[in-house]
Amino acid sequence: MKKLFTLAALSLMAFAQSNADVQQWGKLKLVGNQLCSESGQTIQLRGWSTHGSWFRHCYNSQDDFKKMKDNGANMARLAMYITEGDGVQMDWMKRCIDYTANLNMYCIVDWHVLKPGNPNSSSYSGYADFFREITQYVKGKGYKHVIYEICNEPNEDTDGDPHRPEVWGWIKKYANKVLPIIADNDPGAVVLVGTPQWDQAVSLPIEDPLQGDYMSKLNIMYSFHYYAGDQERYLGLLSSASAFIPLFVSEWGLSSHTGDSGVAKESGDKLMKVCGGKNLGGQIISWANWSWSDKGESSGSFTGGGYQNMSFSDAGNWMKTELAKGDHFEFSSSTAYDGAQVFDGENDFYLALEKYDKGGNYDGYYDFDEDWACSSGLCNAGDWGKDGNRNGEFVDIGYCDKEHKETSYKNLGYIGMGEWVKYTVDIKHAGDYEFELYTCNHIDTNVVAITVDGKNAIVDQNGSETYRAFKLQPCNGGGTSNNDYNVWGWTEPKPLYAPEGTKYKIRFKEAGEHKLGLVFFTSCSGLGSLKLKGIDRTDVVEAKVADSKPAIWPNPSNDGSFNVTVNEPSNVKVYSIQGLVYSQDIKGDAKIDLNLASGVYFVTISNASDVVTTKLLVK
């Protein structure tokens with residue numbers, strides 16, 4: 001039986017040399033969610049962000065950027081403040097672009113939205129002229145090293161939960177205006193799009209994706225910002241979102257979000273671990289440290305007034321040490337707790353939540369306990385864990401029915417934003433399966449997603465992956481008291497932004513062992529189990545018994561997606577009237593997902609025993 005593991009797939013990734021530069025890497029692009037060189041090799045950009053342009057003594061000459069490069073940086077972020085300091089300085093930005101080009105360093109042109117936080121504000125009315133002129137300048141020079149960050153930190157200027165759909169609405173409106181400008185002048189460019197609440201709510205592009213025509217002309221990534229001193233609670237959002245969208249940590253500091261309050265080195269190490277591949281999607285994430293300045297804050301890389309003598313601060317010395325390491329990537333790896341949980345594809349399957357993978361934090365799961373759940377750091381806050389089960393691990397497992405513990409479903413509770421848990425499952429038949437969830441009656445935000453082998457697994461009834469997150473519904477319509485945590489029942493996943501009536505399914509593209517991931521983008525009231533609904537496979541089984549021939553199903557297909565069942569290793573080819581459109585070797589059952597136009601196709605399945613050709617009708 002074929003076993004599919006994220007780590008095994010990642011071991012085949014091509015990595016570029018860490019000390020390479022623009023001359024060797026060329027114009028960057030995305031391969032899936034991964035930032036890569038022009039030739040398709042995985043790369044990681046690392047370096048510093050400037051502070052405002054008024055700190056000219058820190059980046060007023062090419063030598064200043066050469067000092068960045070000499071200390072291990074392969075990129076620089078150029079923060080163009082708009083409403084503070086000197087305002088828009090077009091000539092300064094162009095000079096810095098030239099300096100980095102001469103040094104073969106990459107650079108980010110950052111339109112530094114901060115206050116007000118709405119990028120559509122009249123305070124930022126010059127965005128169109130700015131990006132039009134900069135992209136035309138880059139095109140005229142033939143530069144390949146420029147990345148555009150269209151809005152630094154969109155925000156409502158209020159503390160609390162960063163999951164703010166209204167702010168994402170602002171960003172989408174703004175993106176639909178500025179991205180076509182960049183696409184026209186610098187097609188194929190890498191562009192960073194800000195996310196709500198100072199670049200922390202990276203789940204919202206997953207829930208409600210950008211869908212403009214520019215998406216096919218640009219390499220769109222999403223910004224995440226992190227301040228190690230007081231924002232570790234958001235780190236799981238970066239780890240979780242890595243399975244769904246391309247990410248760039250375009251600003252992070254070792255201080256608190258104020259720029260001061262000391263240096264949190266341990267929390268900085270955790271960010272480096274996640275950026276280096278220890279995340280749900282196995283994505284290598286690029287980053288820019290705040291800041292290459294001598295402002296005198298603990299986030300600054302130089303002590304006040306000490307730049308000319310290269311007097312690095314505590315944060316600056318930490319950065320020098322980190323950059324000197326070069327590439328040091330390590331990916332999440334986990335093993336089944338008690339053997340894989342088996343889904344035969346025909347009978348309903350109930351996921352045992354207590355049998356999460358072995359490996360610990362960052363590998364089998366990602367857990368972060370807020371003070372309200374656990375005052376002494378990581379713990380198992382659920383009653384099942386408090387009863388002594390899986391000691392020393394931190395997935396918060398409890399009982400749905402505390403009065404009948406022996407027969408109760410176990411539940412995941414005390415859920416914080418960004419947490420994820422992996423399970424090893426053995427899928428006997430590839431396909432798209434409807435599912436239900438065992439939920440309590442408490443009302444919460446409850447935004448959830450599901451992965452298979454570190455990639456999105458949610459599709460709708462038509463096979464589309466456009467909307468990749470859903471909401472847990474309270475089982476009885478929603479209660480009003482804490483007692484509602486003790487009332488449980490089966491519910492269907494609720495669409496967030498998808499059209500009313502959308503039905504979600506979980507897709508397994510191939511039979512075999514997989515890593516099923518449960519992902520929680522917001523705080524959640526709890527999850528008791530996941531039920532995969534079996535499919536009546538009588539027709540397929542009878543066809544195989546009758547003539548021992550391979551089978552394809554469903555046929556007709558709604559969108560070109562279909563399943564193939566074979567008894568021995570086979571090759572599958574799909575032909576249109578124009579010729580071959582698909583070829584793949586398979587074993588057992590496989591999901592073929594082609595998104596074909598309506599029409600008639602022919603599927604040829606060949607193996608050592610036979611060659612079978614079947615007409616496939618796509619509606």
Side-chain angles (χ1 to χ4, degrees), residues 28 30 33-35 44-50 75-82 106-115 117-120 124 127 131 146-156 162-165 167-176 178-179 182 189-210 214-215 218-228 231 234-253 257 271 274-275 279 281 283-291 299 417-418 521:
L28 304 182
L30 291 172
N33 289 331
Q34 181 60 58
L35 185 62
Q44 185 185 53
L45 296 184
R46 301 182 287 262
W48 277 278
S49 175
T50 69
M75 60 80 62
R77 179 178 184 247
L78 312 173
M80 183 73 269
Y81 279 79
I82 309 155
Y106 291 91
C107 73
I108 298 173
V109 173
D110 163 37
W111 184 249
H112 207 78
V113 169
L114 191 61
K115 288 185 179 181
N118 187 338
N120 301 287
Y124 309 124
Y127 74 87
F131 280 108
V146 179
I147 295 169
Y148 307 97
E149 186 168 9
I150 63 172
C151 51
N152 168 58
E153 288 185 349
N155 65 87
E156 280 186 317
H163 190 264
R164 306 289 177 92
V167 179
W168 180 238
W170 301 346
I171 298 166
K172 289 184 71 176
K173 178 180 178 181
Y174 170 72
N176 287 333
V178 68
L179 292 178
I182 299 174
V190 175
V191 183
L192 311 184
V193 176
T195 54
Q197 295 309 86
W198 301 280
D199 288 340
Q200 258 119 37
V202 285
S203 68
L204 279 157
I206 301 167
E207 300 167 35
D208 183 21
L210 294 171
Y214 49 74
M215 295 297 289
L218 298 170
N219 291 279
I220 304 294
M221 306 184 73
Y222 298 91
S223 299
F224 180 81
H225 287 186
Y226 182 76
Y227 280 87
Q231 293 183 344
Y234 303 131
L235 187 55
L237 290 171
L238 178 68
S239 180
S240 294
S242 67
F244 301 90
I245 56 174
L247 296 161
F248 200 119
V249 182
S250 59
E251 181 181 314
W252 78 275
H257 74 280
L271 174 68
V274 172
C275 288
N279 55 61
Q283 188 179 151
I284 302 299
I285 302 172
S286 298
W287 51 263
N289 180 258
W290 185 268
S291 68
S299 61
M417 64 185 79
F521 285 130

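Everything quoted here is computed from the prediction, not taken from an experiment.
- With rounding to the nearest 0.5 angstrom, the CZ atom of F224 is 11.0 Å from the OG atom of S242.
- Remark: the backbone N or O of S239 is not paired with any side-chain donor or acceptor of N279 at under 3.5 angstrom.
- The heavy-atom pair separating F131 from I182 by the smallest distance is CD2-CD1, 4.1 Å.
- Side chain of E149 to backbone of S250: no donor-acceptor contact under 3.5 angstrom is found.
- Listed here is the closest heavy atom pair of C151 and P119: CB-CB, 4.1 Å.
- Contact annotation: the side chain of V167 never approaches that of N155 to less than 4.5 Å [non-hydrogen atoms, C-beta and beyond].
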For this session: Go through L35 and L28 one step at a time and tell me if the side chain to side chain contact (heavy atoms under 4.5 Å, CB included) criterion holds.
Result: CA-CA 7 Å; L35 185 62; L28 304 182; 4.0 Å; yes

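- For the pair I171 and L204, the minimum side-chain heavy-atom distance is 4.5 Å or more.
- A side-chain N or O of E251 and one of Y227 form a donor-acceptor pair less than 3.5 Å apart.
- Minimum interatomic distance between W168 and P196 (heavy atoms only, all atoms of both residues): N-CG, 3.6 Å.
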Problem set entry | Chi angles and distances behind the ring pair (Phe, Tyr, Trp, His ring centres under 6.0 Å) call for Y174, Y127 | CA-CA 10 Å; Y174 170 72; Y127 74 87; 5.1 Å; yes

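- For the pairing with M221, the side chain to side chain contact (heavy atoms under 4.5 Å, CB included) check across N33, V191, L30 returns one residue only, L30.
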For this session: Please report the C-alpha distance between Y222 and I206 in whole Å, then the side-chain angles of each, then the deciding distance to 0.1 Å, and finally whether the side chain to side chain contact (heavy atoms under 4.5 Å, CB included) criterion is met.
Result: CA-CA 10 Å; Y222 298 91; I206 301 167; over 6 Å; no

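- In this structure a side-chain-to-backbone donor-acceptor pair under 3.5 Å is present from Q200 to H225.
- P162 has its side chain within reach of M417: a pair of non-hydrogen atoms, C-beta onward, lies under 4.5 Å apart.
- At distances below 3.5 Å, not a single donor-acceptor pair connects side-chain atoms of S49 with backbone N or O atoms of W290.
- H112 and Y81 have tilted rings, their planes meeting at an angle from 30° to 60° on a 0 to 90° scale.
- Here CD of E156 is found 5.0 Å from CH2 of W170. Values are rounded to the nearest 0.5 Å.
- I284 has its side chain within reach of Q34: a pair of non-hydrogen atoms, C-beta onward, lies under 4.5 Å apart.
- Nearest heavy atom pair, residue L271 against residue Y226, reads CD2-CD2, 3.7 Å.
- Taking 4.5 Å as the limit, some side-chain heavy atom of L247 sits within range of a side-chain heavy atom of I245.
- S286 places no side-chain N or O within 3.5 Å of a backbone atom of F248 that could act as its donor or acceptor partner.
- Not a single donor-acceptor pair under 3.5 Å links the side chain of D110 to the backbone N or O of R77.
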Problem set entry | Derivation and outcome, side chain to side chain contact (heavy atoms under 4.5 Å, CB included), residues I108 and L45 | CA-CA 11 Å; I108 298 173; L45 296 184; over 6 Å; no

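- When only modelled atom types and interatomic distance are considered, Y214 and N176 share a side-chain donor-acceptor pair under 3.5 Å.
- Taking CD1 of I150 as the reference point, atom OH of Y124 lies at 13.5 Å (rounded to 0.5 Å).
- N289 places a side-chain N or O within donor-acceptor distance of the main-chain N or O of W252, the cut-off being under 3.5 Å.
- With a 4.5 Å cut-off on side-chain heavy atoms, D208 and P165 do not count as touching.
- Partners of F244 under the ring pair (Phe, Tyr, Trp, His ring centres under 6.0 Å) rule, at least two apart in sequence or in another chain, are F521.
- Within the 4.5 Å cutoff, the side chain of I220 has heavy atoms near those of the L179 side chain.
- The CH2 atom of W287 lies 9.5 Å from the CE atom of M75; values are rounded to the nearest 0.5 Å.
- The shortest heavy-atom contact between V202 and L237 is CG2-O, 3.5 Å.
- The shortest side-chain heavy-atom distance between W111 and I82 falls under the 4.5 Å cut-off.
- Nearest heavy-atom pair across S223 and L192 is OG-CB, 3.5 Å.
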